[in-house]
Amino acid sequence: MAAETQTELTTVYQVKGMTCGHCEGAVSGEISALPGVTSVTAVAKIGEVTVVSAAPLDREAVRAAVDEAGYELV
């Protein structure tokens with residue numbers, strides 16, 4: 001039985017307007033819904049969202065997800 005190796009890509013985005021845990025959850029939830037996303041970690045204090053995905057994500061799709069959550073991709 002051969003093990004399959006999958007390469008994951010980690011991208012860090014700057015998001016403006018996050019101030020609390022609710023903000024982090026809203027942004028994480030929207031980005032998590034994008035195809036290929038395996039992990040999202042949002043940190044309001046520094047305005048960063050780290051996204052792990054199976055392939056590069058379309059920046060406009062990420063922007064739309066962040067907009068849908070009510071915040072702004074910088």
Side-chain angles (χ1 to χ4, degrees):
M1 186 172 186
E4 205 174 293
T5 304
Q6 183 176 7
T7 302
E8 290 188 320
L9 178 67
T10 301
T11 309
V12 178
Y13 297 96
Q14 295 294 316
V15 176
K16 186 175 175 182
M18 293 190 303
T19 59
C20 64
H22 173 76
C23 301
E24 294 169 347
V27 170
S28 294
E30 290 295 333
I31 295 175
S32 291
L34 295 174
V37 172
T38 57
S39 169
V40 180
T41 304
V43 182
K45 186 174 184 176
I46 58 174
E48 284 187 356
V49 179
T50 303
V51 181
V52 179
S53 57
L57 298 174
D58 176 55
R59 188 166 177 84
E60 290 310 309
V62 175
R63 182 181 308 282
V66 171
D67 286 350
E68 182 66 29
Y71 305 93
E72 182 184 347
L73 188 67
V74 179

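For the numbers below, each heavy atom of this structure counts, side chains included, while hydrogens, waters and symmetry mates do not.
L57 and P35 get closest at one heavy-atom pair: CD2-O, 3.8 Å. Taking each heavy atom of L73 and V66 in turn, the nearest pair found is N-CG1, 3.7 Å. Closest approach of S28 to A42, counting heavy atoms only: OG-CB, 3.6 Å. Pairing each heavy atom of E30 with each of A65, the nearest pair is CB-O, 3.3 Å. Across all non-hydrogen atoms, the minimal contact from M18 to V43 is CE-O, 3.8 Å. Between I31 and V37 the shortest heavy-atom distance is O-CG2, 3.5 Å.
A donor-acceptor contact shorter than 3.5 Å links the side chain of E24 to the backbone of A44. Distance alone, capped at 3.5 Å, places no donor-acceptor pair between the T41 side chain and the T50 backbone.
Taken from CG in D58 to CG in L34, the straight-line distance is 9.0 Å, to the nearest 0.5 Å. Atom CD1 of I46 sits about 7.5 Å away from atom CD of Q14, to the nearest 0.5 Å. Here CD of E72 is found 8.0 Å from CZ of R63. Values are rounded to the nearest 0.5 Å.
Inter-residue side-chain proximity for Y71 and V49 is flagged as unmet; no heavy-atom pair is nearer than 4.5 Å.
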